[in-house]
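Reminder, nothing fancy here: chain letters follow the sequence lines and each chain counts from 1.
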2 protein chains.
Amino acid sequence: MPELPFTLDQLRILKAIAAQGSFKKAADLLYVTQPAVSLQIQNLEKQLEITIFDRGGRKALLTEAGRLLLEYCERILNQCDEACKAIEDLNSLKGGTLVIGASQTTGTYLMPRMIGLFRQKYPDVSVQLQVHSTRRTGWSVANGQIDLAIIGGQLPGDLENLLQVIPYATDELALVLPSNHPLSNKKELLKEDLYKLNFVTLDSQSTTRKVVDKLLQDSGLDIQRLKIEMELNSLEAIKNAVQSGLGASFLPVVSIERELAAGTIHKASITDLEVKRELKVITNPSRYTSRASEVFKKNILPKFACLESPLRQL
Amino acid sequence: MPELPFTLDQLRILKAIAAQGSFKKAADLLYVTQPAVSLQIQNLEKQLEITIFDRGGRKALLTEAGRLLLEYCERILNQCDEACKAIEDLNSLKGGTLVIGASQTTGTYLMPRMIGLFRQKYPDVSVQLQVHSTRRTGWSVANGQIDLAIIGGQLPGDLENLLQVIPYATDELALVLPSNHPLSNKKELLKEDLYKLNFVTLDSQSTTRKVVDKLLQDSGLDIQRLKIEMELNSLEAIKNAVQSGLGASFLPVVSIERELAAGTIHKASITDLEVKRELKVITNPSRYTSRASEVFKKNILPKFACLESPLRQL
DNA sequence: GAGTCTCCATAAATTAAAACTATTTAAATA
DNA sequence: TATTTAAATAGTTTTAATTTATGGAGACTC
């Protein structure tokens with residue numbers, strides 16, 4: 001290795017001697033023997049071709065070259081200390097950035113609360129939330145742009161193997177009706193009743209929409225027969241449409257908590273049908289897991305997992 | 001020794017890997033084997049308790065902690081390089097030549113002492129003193145024949161812009177009389193008294209003479225009315241003439257310290273007139289400043305700047 | 001001014017740390 | 001699946017730093 005003319009240890013010794021005014025005291029301070037100090041300074045002087053200390057009298061005094069070197073020495077060692085502190089902070093979550101991915105739904109209704117809790121506990125870690133489609137989120141996790149994500153849809157097959165996919169919680173996609181809708185009074189609807197409704201849905205590209213369609217189809221319904229009043233691309237818009245009496249919809253329960261509490265929207269049960277999807281936490285096991293990501297997974301996620309299903313091991 | 005969490009070599013390796021994107025290439029760059037690089041990075045990661053590189057793919061990518069560390073790493077290594085350069089410069093004072101320019105006056109009375117101090121500190125740097133007129137000194141500094149000069153007169157306008165001119169000290173041009181001169185008894189002379197004196201002056205080409213003439217003229221005196229007994233081209237000759245009672249003269253105080261102390265010459269004050277000139281340090285900023293020159297300017301000049309005026313920033 | 005004390009330098013031995021060679025493992029490419 | 005490339009690992013060698021032990025020089029003491 002093309003050699004550096006000095007080592008950090010030598011600088012540390014230099015600094016100690018300058019501070020103590022003595023080789024011996026410096027040695028004591030650094031818990032080494034006096035010859036070790038002497039030899040290192042000699043090495044330093046040899047390599048830099050300068051004399052650093054005047055060893056004449058009782059005190060070891062810096063020469064001009066020594067003072068010059070000491071100046072740099074202090075700056076360098078300070079930088080080293082700072083680096084250590086920064087790294088320590090990162091380790092103890094007093095710094096750094098956590099990048100979280102989510103779909104529209106979880107990103108809008110779930111993540112803000114989670115991130116809020118996380119930031120409350122670790123206010124020095126900045127958190128970035130990226131809302132994308134399931135597909136794109138998956139790829140971002142794969143190539144390390146996102147540390148951790150929650151998805152509600154199906155990953156492309158190749159990613160399924162590459163990533164660690166952990167079932168996290170069950171998200172019910174509730175059938176919601178305008179509160180004044182005639183069917184709101186019935187305790188339980190039947191699947192057949194769905195054909196009588198006008199639906200306001202997400203556009204057909206959306207993951208949630210695909211999930212709903214698939215579940216309905218799997219349950220034996222002919223989704224072609226369902227009447228779709230309109231397709232909107234925002235859950236909020238759909239909620240408003242439903243509240244305005246324009247139609248019914250399947251919406252994630254997490255997105256309508258407020259409206260249910262306020263009674264402005266009605267959640268209907270269907271006797272022989274449950275529309276539920278698994279929310280999954282995905283991470284990339286082949287990549288470095290930041291401490292922040294680890295903590296988020298271990299300490300924050302479980303606090304919100306009790307949406308409907310029991311906690312899952314993370 | 002209470003251990004430092006990393007060594008400069010490790011930082012160098014880290015930097016190389018980050019730059020090359022590969023352990024192997026970094027190893028080649030540093031002329032070591034690949035395992036050496038791997039081991040050092042492993043040590044670094046172990047000691048800092050962080051992961052620095054994602055070794056997943058074909059490229060070694062920095063983690064967040066790695067990026068953080070790299071930042072400090074670059075700063076530290078830069079400081080190290082700077083320190084080396086500074087030391088090298090200092091070392092180069094173990095040889096080489098410093099060429100200093102001066103006028104007759106400063107060259108005779110001031111520079112020898114300065115050069116003496118410099119040579120005492122840097123006995124291996126040989127110093128050459130060139131005594132010339134202000135004008136010629138200026139040109140020599142401009143074309144690099146002289147590293148640094150002290151002048152007491154006015155530079156030609158074109159040089160004034162080319163060179164760095166730093167006010168250095170104030171040199172009083174004292175009115176000196178033979179000790180036995182009748183006016184020597186008066187505490188303070190008046191400007192008018194000058195007309196009563198016989199002057200022994202430098203020849204009219206000399207910078208000092210020009211300066212004196214201009215100052216007297218500016219103060220309202222009619223220099224034509226001043227009686228000039230004789231013109232000599234050497235300060236020593238003038239001093240002798242004054243001591244012999246041949247007349248008065250304006251002489252730089254630096255040149256008559258010894259005579260004043262011995263009382264062989266009398267320095268008179270003039271109530272309403274101060275004949276002073278600025279001594280200036282000139283260097284050529286567009287040329288390489290030798291370390292010796294820098295040291296002379298920074299460390300030697302200030303020690304003598306307290307001629308009359310307070311220290312000026314150099 | 002001789003003795004003692006302190007401090008630094010030196011020598012030789014020990015210990016520890018990096019480096020190398022050789023090989024294995026893992027991922028990416030073809 | 002075979003091949004290539006990079007990094008990790010194991011074992012050995014070499015190098016460097018530390019230690020113990022000792023010698024010498026200046027400073028303080030009586």
Side-chain angles (χ1 to χ4, degrees), chain A residues 1-48 50-63 66 139 142-144 158-159 161-164 284-288, chain B residues 1-14 16-48 50-63 66:
Chain A
M1 182 132 56
E3 279 177 19
L4 235 49
F6 49 76
T7 69
L8 285 179
D9 277 334
Q10 287 170 340
L11 295 188
R12 241 151 52 92
I13 293 173
L14 163 61
K15 185 180 166 188
I17 299 175
Q20 304 287 320
S22 148
F23 281 40
K24 181 163 177 49
K25 282 181 193 154
D28 294 344
L29 190 74
L30 298 171
Y31 303 106
V32 290
T33 56
Q34 168 264 315
V37 169
S38 283
L39 291 191
Q40 283 307 324
I41 293 298
Q42 281 171 34
N43 288 345
L44 195 52
E45 291 182 324
K46 215 180 299 169
Q47 292 194 288
L48 294 176
I50 56 175
T51 304
I52 297 173
F53 289 103
D54 267 330
R55 292 112 153 138
R58 195 161 272 285
K59 274 198 143 189
L61 288 173
L62 282 166
T63 63
W139 280 111
N143 64 29
D158 40 349
L159 284 180
N161 303 318
L162 194 63
L163 304 179
Q164 186 185 34
N284 187 339
S286 63
R287 281 194 175 267
Y288 160 72
Chain B
M1 181 131 57
E3 279 177 21
L4 233 51
F6 48 76
T7 68
L8 287 178
D9 277 335
Q10 287 170 341
L11 295 188
R12 244 152 50 92
I13 292 173
L14 163 61
I17 300 175
Q20 304 286 319
S22 147
F23 282 41
K24 182 168 174 44
K25 281 181 193 155
D28 294 344
L29 190 73
L30 298 172
Y31 303 106
V32 290
T33 55
Q34 168 264 315
V37 168
S38 284
L39 269 295
Q40 284 306 324
I41 292 299
Q42 281 171 35
N43 289 344
L44 194 52
E45 291 182 324
K46 216 179 297 167
Q47 293 195 286
L48 293 176
I50 56 174
T51 305
I52 298 173
F53 289 103
D54 263 328
R55 291 103 152 146
R58 190 162 277 284
K59 276 197 141 187
L61 288 173
L62 283 166
T63 62

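- When side chains are defined from C-beta on, B/Thr7 does not count as touching A/Thr7, because their heavy atoms never get closer than 4.5 Å.
- The stretch residues 1-21 of chain A participates, sequence neighbours left out, in no ring pair (Phe, Tyr, Trp, His ring centres under 6.0 Å) pair at all.
- Contacts between residues 35-47 of chain B and DNA chain D, defined by a heavy-atom separation below 4.0 Å, involve B/Pro35, B/Ser38, B/Leu39, B/Gln42, listed by number.
- Applying the 4.0 Å criterion to OP1 and OP2 of D/dA8, one finds that B/Arg55 has a side-chain N or O inside that range.
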Residues 26-35 of chain B side chain polar contacts: donor-acceptor under 3.5 Å, at least two apart:
from, atom 1, to, atom 2, distance (Å)
B/Gln34, NE2, B/Ser38, OG, 3.0

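- In terms of phosphate contacts, A/Thr33 brings no side-chain nitrogen or oxygen within less than 4.0 Å of OP1 or OP2 of D/dT18.
- Evaluation of the side chain to side chain donor-acceptor pair (under 3.5 Å) rule for A/Gln10 yields A/Gln40 as partners, not counting sequence neighbours.
- When the side chain to side chain contact (heavy atoms under 4.5 Å, CB included) test is applied to B/Thr63, the partners found at least two apart in sequence or on another chain are A/Tyr288, B/Thr51, B/Asp54, B/Ala65.
- For B/Gln34 and D/dA8, a side-chain-to-base donor-acceptor distance below 3.5 Å is present, hydrogens and geometry of angles not being considered.
- Qualifying side chain to side chain contact (heavy atoms under 4.5 Å, CB included) partners for A/Leu159, counting only residues two or more places apart in sequence or in other chains: A/Trp139, A/Ala142, A/Leu155, A/Pro156, A/Leu162, A/Leu163.
- Residues passing the ring-ring contact (aromatic ring centres under 6.0 Å, His included) test with B/Phe23 are B/Phe53, sequence neighbours excluded.
- The side chain to side chain donor-acceptor pair (under 3.5 Å) check on A/Gln164 picks up A/Thr283, A/Lys297, with sequence neighbours excluded.
- Five base pairs at each end of the helix from C/dG1-D/dC30 to C/dA30-D/dT1 define two local axes, and these are offset by 30° (rounded to 10°).
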